[in-house]
Number of protein chains: 2
Amino acid sequence: MPRAPQKRRLETRAKLLSVAEEIIDTQGCSALRVEDVVEKAGVAKGTFFSHFGDKDGLLTVILGARVMGFLDEMEAAPRPQSPAEIADRLTPLLNFVAQDRVIFDLLLRYSGTTGAEVDEVITQGFIRQITMFAGWISALQAEGTLRADTAPALLAEGVQAFLNHVLAIGFCMEHADKRPPAEAILPYLERWLVR
Amino acid sequence: MPRAPQKRRLETRAKLLSVAEEIIDTQGCSALRVEDVVEKAGVAKGTFFSHFGDKDGLLTVILGARVMGFLDEMEAAPRPQSPAEIADRLTPLLNFVAQDRVIFDLLLRYSGTTGAEVDEVITQGFIRQITMFAGWISALQAEGTLRADTAPALLAEGVQAFLNHVLAIGFCMEHADKRPPAEAILPYLERWLVR
DNA sequence: CTTATAAATTGACCGCGGTCATATTTTTCT
DNA sequence: AGAAAAATATGACCGCGGTCAATTTATAAG
């Protein structure tokens with residue numbers, strides 16, 4: 001079994017993460033360059049890759065943590081009572097993902113990982129998200145608000161599909177259709193969740 | 001206005017395209033390297049980029065043409081009479097896109113471009129595809145087969161969303177769930193298109 | 001035919017993600 | 001404490017997409 005990491009390693013990792021987060025917060029994910037990170041952190045390039053595998057590995061850790069934060073908020077808020085309220089709950093997460101194509105691309109790459117590799121933060125996030133959707137839907141089905149002819153799991157997957165769809169659309173028309181994604185998704189939810 | 005390209009330029013372009021297509025057919029899109037293409041075509045690197053802008057530009061031309069071929073087939077076939085038959089019509093295109101992540105990623109990047117830049121082949125392909133879906137749906141609504149409470153355009157967009165969803169899922173679970181995408185999409189179509 | 005002008009091509013060069021044999025530091029063992 | 005072993009860090013190096021000032025080739029003008 002692998003030995004616990006030494007203090008030095010944890011410090012190096014923390015340094016790399018904090019430098020990277022600062023760059024992301026000030027310049028966005030697209031501007032993140034590994035060479036900048038290692039230079040500002042005062043470590044060698046190889047060290048970066050021994051910690052995170054590749055650039056996506058770093059992004060996975062940082063973005064995964066942020067996604068988890070949004071999921072915490074969603075779970076803390078009262079359960080939505082309608083498609084419109086579901087769209088409301090999604091707003092912060094959608095705006096976060098919509099702000100940068102790099103975020104969307106990275107999340108999408110993991111958006112179907114429901115099986116193996118559950119160690120990945122992002123995978124856990126997706127499972128949690130789908131589970132949460134299914135919980136919302138299931139409760140609303142019981143109250144008679146949503147269609148009851150379809151399993152909550154399938155409906156939840158569909159919500160995920162629409163979510164990715166409006167995000168993808170948003171990235172394509174650079175300036176046209178400035179409608180926020182949470183608004184764009186509503187027509188789909190109303191048609192998909194209500195019978 | 002720009003002058004017509006010279007014969008030499010057309011030959012160079014054709015050579016680059018044929019070499020690239022051969023590599024794609026034998027080794028797949030992921031294995032396509034610009035340096036290989038220019039070497040096999042006997043042309044300098046800069047020439048490649050003066051023709052296609054970037055690597056994606058080349059892929060756009062080649063994959064766009066192939067997608068158009070699939071759309072031709074779909075339009076030639078008799079109009080589908082049910083969600084299951086819609087899934088049938090989608091099968092060749094879905095299998096094509098599902099064969100390589102690079103194809104999926106590239107198509108997705110253009111999948112919402114309905115406004116400007118209509119000169120792009122892929123954009124035209126998407127518009128054509130959505131229009132075709134809407135046509136199918138509209139006809140089936142008139143026959144009473146599909147739900148008539150929702151505009152064909154919105155239903156067609158939803159089909160597109162599910163299509164991308166099952167493809168994304170397919171790429172995530174490397175080996176598990178070997179179900180072909182056309183089969184995976186059916187439950188969604190039945191719930192989305194029928195009331 | 002010669003010269004000016006535009007089109008097409010060239011290849012040295014750069015940026016940046018990623019690798020790996022080597023060096024340094026920390027831990028373990030006697 | 002000192003030696004062996006394991007963990008960590010290093011930086012020269014590579015692959016490959018992409019750039020651009022300079023060169024060659026084709027077309028138009030005199």
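As the structure is a computational prediction, the values presented were derived from the model and not from experiment. So you know, we letter chains A, B, ... as the sequences are listed, proteins then strands, and number each from 1.
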Whole-Å distance separating the [atom1] atom of [X] from the [atom2] atom of [N]:
| X | N | atom1 | atom2 | value |
| --- | --- | --- | --- | --- |
| Leu16(B) | dG17(D) | CG | C1' | 15 Å |
| Glu35(A) | dG11(D) | CD | P | 14 Å |
| Phe52(A) | dA9(D) | CZ | P | 11 Å |
| Lys7(A) | dT27(C) | NZ | C1' | 13 Å |
| Asp56(A) | dG17(C) | CG | C1' | 11 Å |
| Leu58(B) | dG17(D) | CG | P | 11 Å |
| Glu11(B) | dA26(D) | CD | P | 10 Å |
| Glu39(A) | dG11(D) | CD | P | 13 Å |

Original post:
Looking only at side-chain N and O atoms, does His51(A) come under 4.0 Å of OP1 or OP2 in dT8(D)?
Top reply: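 The answer is no; no side-chain N or O of His51(A) sits under 4.0 Å from OP1 or OP2.
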**OP:** Remember a base hit wins even if backbone is also touched, and classify Thr12(B) as base, sugar-phosphate or nothing at under 4.0 Å, heavy atoms.
**Re:**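 Sugar-phosphate contact only - Thr12(B) comes under 4.0 Å of backbone atoms but never of a base.
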Original post:
What nucleic acid atoms does Leu32(B) come within less than 4.0 Å of, heavy atoms only: base, sugar-phosphate, or nothing?
Top reply: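 Since only primed, P, OP1 and OP2 atoms lie under 4.0 Å of Leu32(B), the category is sugar-phosphate.
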Could you work out which one of [options] sits closest to the side chain of [X]?
| X | options | answer |
| --- | --- | --- |
| Lys55(A) | dG18(D), dG11(D), dG17(C) | dG17(C) |
| Pro5(A) | dT10(C), dT8(D), dT25(D) | dT8(D) |
| Arg9(B) | dG17(C), dA8(C), dC16(D) | dA8(C) |
| Gln6(A) | dT8(D), dC16(D), dT10(D) | dT8(D) |
| Arg8(B) | dT25(D), dA9(D), dG18(D) | dT25(D) |
| Arg33(A) | dG11(C), dG17(C), dT10(D) | dG17(C) |
| Phe49(B) | dG18(C), dG11(C), dT19(D) | dT19(D) |
| Thr47(B) | dT19(C), dA8(C), dT9(C) | dT9(C) |

Original post:
Please walk me through it: do His165(B) and Gln160(A) pass side chain to side chain donor-acceptor pair (under 3.5 Å)?
Top reply: CA-CA 8 Å; His165(B) 184 70; Gln160(A) 181 69 49; over 6 Å; no
Subject >> Whichever of Phe48(B) and Ala44(A) has its nearest DNA chain D nucleotide further upstream toward 5' >> reply: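 Looking at DNA chain D, the more 5' nearest nucleotide goes with Ala44(A).
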Original post:
Within the modelled atom types, does a donor on one side and an acceptor on the other bring the side chain of Lys45(A) and the base of dG17(C) under 3.5 Å apart?
Top reply: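 Such a pair is found, so the answer is yes.
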**OP:** For the pair Ser50(B) (side chain) and Thr47(B) (backbone), establish whether a donor and an acceptor sit closer than 3.5 Å, ignoring hydrogens and angles.
**Re:**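 At least one qualifying donor-acceptor pair exists.
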Original post:
For the side chain of Arg179(B) and the backbone of Gly170(B), is there at least one donor-acceptor N/O pair under 3.5 Å apart?
Top reply: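 Looks like no, no N/O pair under 3.5 Å.
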**OP:** Starting from the C-alpha separation in whole Å, work towards a yes-or-no answer on side-chain contact (heavy atoms from CB on, under 4.5 Å) for Gln27(A) and Leu32(A).
**Re:** CA-CA 8 Å; Gln27(A) 303 167 256; Leu32(A) 189 75; over 6 Å; no
Subject >> Lys/Arg-Asp/Glu bridge criterion (N-O < 4.0 Å) met for Glu73(B), Arg89(B) >> reply: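 A salt bridge is absent here (no side-chain N lies under 4.0 Å from a carboxylate O).
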Original post:
Near Glu39(B) CD, under 6.0 Å, is it more than 12 heavy atoms from other residues, nucleotides or ligands?
Top reply: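 Count not over threshold, so no.
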